[in-house]
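Below is one structure, written out as structure tokens, with a few remarks after it.
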Amino acid sequence: MVKEIREPRLATAEFSRDMVETMLTYFDAYAEDGVLRVEVTGWGLWLPNNVTGGRQFLGLARLPKGYRQ
């Protein structure tokens, strides 16, 4: 029997449909060499802008567990 070796999970990103549509809309503007990079923070997901050095808020699919409104 072969034991499966798994890499440790570093992060999990959740995307809503509107977030995926936003990525498709802005793909050409934010992609570098055909790859779109997404930054994961505690406040949501961001699309880094390689031209300005800033970033665009992509969204947050759901509030973090334990967050109170």
Side-chain angles (χ1 to χ4, degrees):
M1 182 172 203
V2 177
K3 184 176 180 180
E4 180 181 346
I5 299 173
R6 293 182 112 182
E7 293 292 324
R9 180 176 13 171
L10 300 177
T12 299
E14 296 181 324
F15 298 91
S16 63
R17 179 180 293 273
D18 66 314
M19 293 166 71
V20 173
E21 290 170 353
T22 298
M23 286 190 285
L24 288 171
T25 299
Y26 292 99
F27 186 88
D28 290 331
Y30 287 89
E32 186 174 314
D33 297 324
V35 176
L36 183 68
R37 193 163 38 107
V38 176
E39 293 181 357
V40 180
T41 73
W43 294 100
L45 303 176
W46 303 81
L47 299 175
N49 186 318
N50 298 320
V51 175
T52 67
R55 59 187 184 182
Q56 176 184 341
F57 182 65
L58 177 59
L60 183 62
R62 66 178 92 205
L63 293 175
K65 291 178 182 175
Y67 181 83
R68 292 183 171 193
Q69 287 183 300

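Note: hydrogens, waters and symmetry copies are ignored here, and every other heavy atom, side chains too, is used. The structure displayed is predicted, hence computed values, not measured ones.
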Which pair of heavy atoms, one from Ser16 and one from Ala61, lies closest together, and at what distance?
N-CB, 4.1 Å

Do Phe57 and Val38 share a hydrophobic cluster, counting only Ile, Leu, Val, Met, Phe, Trp and Tyr and linking them when any side-chain heavy atoms are less than 4.5 Å apart?
no

Examine Val40 and Leu36 and state if one hydrophobic cluster contains both, with Ile, Leu, Val, Met, Phe, Trp and Tyr joined whenever side-chain heavy atoms are less than 4.5 Å apart.
yes

Output, in order, the C-alpha distance, side-chain angles, deciding distance and verdict of side-chain contact (heavy atoms from CB on, under 4.5 Å) for Leu60 and Leu45.
CA-CA 6 Å; Leu60 183 62; Leu45 303 176; over 6 Å; no

Thr22 and Met19: CA distance, side-chain angles, deciding distance, side-chain contact (heavy atoms from CB on, under 4.5 Å) verdict
CA-CA 5 Å; Thr22 298; Met19 293 166 71; 5.6 Å; no

For residues 25-34, dump all side-chain donor-acceptor pairs below 3.5 Å to protein atoms at least two apart in sequence or in another chain.
unit_1: Thr25; atom_1: OG1; unit_2: Glu21; atom_2: O; d: 2.9
unit_1: Tyr30; atom_1: OH; unit_2: Gln56; atom_2: OE1; d: 2.8
unit_1: Glu32; atom_1: OE1; unit_2: Asn50; atom_2: ND2; d: 3.0

Go through the steps to decide whether Arg55 and Thr41 satisfy the test side-chain contact (heavy atoms from CB on, under 4.5 Å), and finish with yes or no.
CA-CA 12 Å; Arg55 59 187 184 182; Thr41 73; 3.9 Å; yes

